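Below you'll find the structure, written out as structure tokens, and then a few comments.
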Amino acid sequence: MIHLIETAHAGVITDAPSFQQIGTNVLIFLLSTAGIIAIIALVIAGTMYFFSAGDERKTEVAKQAAKYSVIGIILALSGAILVRTIGQFFQ
């Protein structure tokens with residue numbers, strides 16, 4: 001019987017994260033994943049540019065891919081900063 005009482009007073013339920021913390025963690029994870037994918041896309045765009053061998057069409061495609069990758073990185077970072085800032089206001 002003493003073991004059940006110790007378990008009841010362990011504070012497990014009170015130490016659980018709130019829905020706000022869980023939501024913030026999920027959003028940060030998704031934005032981090034998007035940022036990693038954008039960085040990989042930037043590396044691929046750089047490889048495409050390197051292997052374009054002077055072909056104008058391939059060079060333009062690689063430049064556009066790099067531009068969109070940088071935009072993706074900026075959006076992912078700004079989104080993560082925004083989520084963390086808004087999350088601090090609701091704590």
Side-chain angles (χ1 to χ4, degrees):
M1 239 357 179
I2 293 174
H3 183 65
L4 292 175
I5 293 172
E6 290 174 5
T7 304
H9 294 289
V12 176
I13 300 298
T14 59
D15 294 338
S18 66
F19 287 118
Q20 182 263 338
Q21 290 172 334
I22 293 171
T24 302
N25 290 341
V26 167
L27 284 174
I28 294 296
F29 172 74
L30 292 175
L31 289 169
S32 299
T33 304
I36 290 170
I37 291 170
I39 290 171
I40 291 170
L42 184 62
V43 171
I44 291 170
T47 305
M48 287 170 49
Y49 187 78
F50 181 74
F51 288 113
S52 67
D55 186 8
E56 291 294 325
R57 180 166 168 10
K58 289 181 182 179
T59 304
E60 288 301 319
V61 169
K63 284 181 182 179
Q64 282 191 349
K67 179 176 71 173
Y68 294 139
S69 298
V70 170
I71 290 171
I73 292 168
I74 291 170
L75 287 176
L77 287 175
S78 63
I81 291 169
L82 186 67
V83 167
R84 286 186 180 161
T85 303
I86 291 173
Q88 290 176 354
F89 284 125
F90 292 112
Q91 284 184 355

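Only a predicted model underlies this, so the values are computations on that prediction, with no experimental measurement involved.
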**Report entry** CG on Leu27 to CZ on Arg84, rounded to 0.5 Å
**Finding:** 11.5 Å
Query raised in the report: Between CG of Asn25 and CG of Leu30, what distance do you get to the nearest 0.5 Å?
Result: 11.0 Å
Query raised in the report: Which pairs pass side chain to side chain donor-acceptor pair (under 3.5 Å) with one or both residues in residues 62-79, sequence neighbours excluded?
Result: none
Query - Pairs meeting criterion side chain to side chain donor-acceptor pair (under 3.5 Å) with involvement of residues 31-52, two or more places apart - result: Ser52-Thr59
Whichever hydrophobic residues join [X] through chains of side-chain contacts under 4.5 Å:
X     : result
Phe51 : Phe50
Phe89 : none
Ile81 : none
Ile36 : Ile40, Ile44, Met48, Val61

Query raised in the report: Do the side chains of Leu77 and Val83 join up, straight or via other hydrophobic residues, at under 4.5 Å, putting them in one cluster?
Result: no
Requested in this report: Answer yes if Ile73 and Leu31 sit in the same cluster of Ile, Leu, Val, Met, Phe, Trp and Tyr residues linked by side chain heavy atoms under 4.5 Å apart, and no otherwise.
Outcome: no
Requested in this report: Identify the two heavy atoms, one from Ala66 and one from Ala45, that lie closest to each other, and give their separation to 0.1 Å.
Outcome: N-CB, 3.5 Å
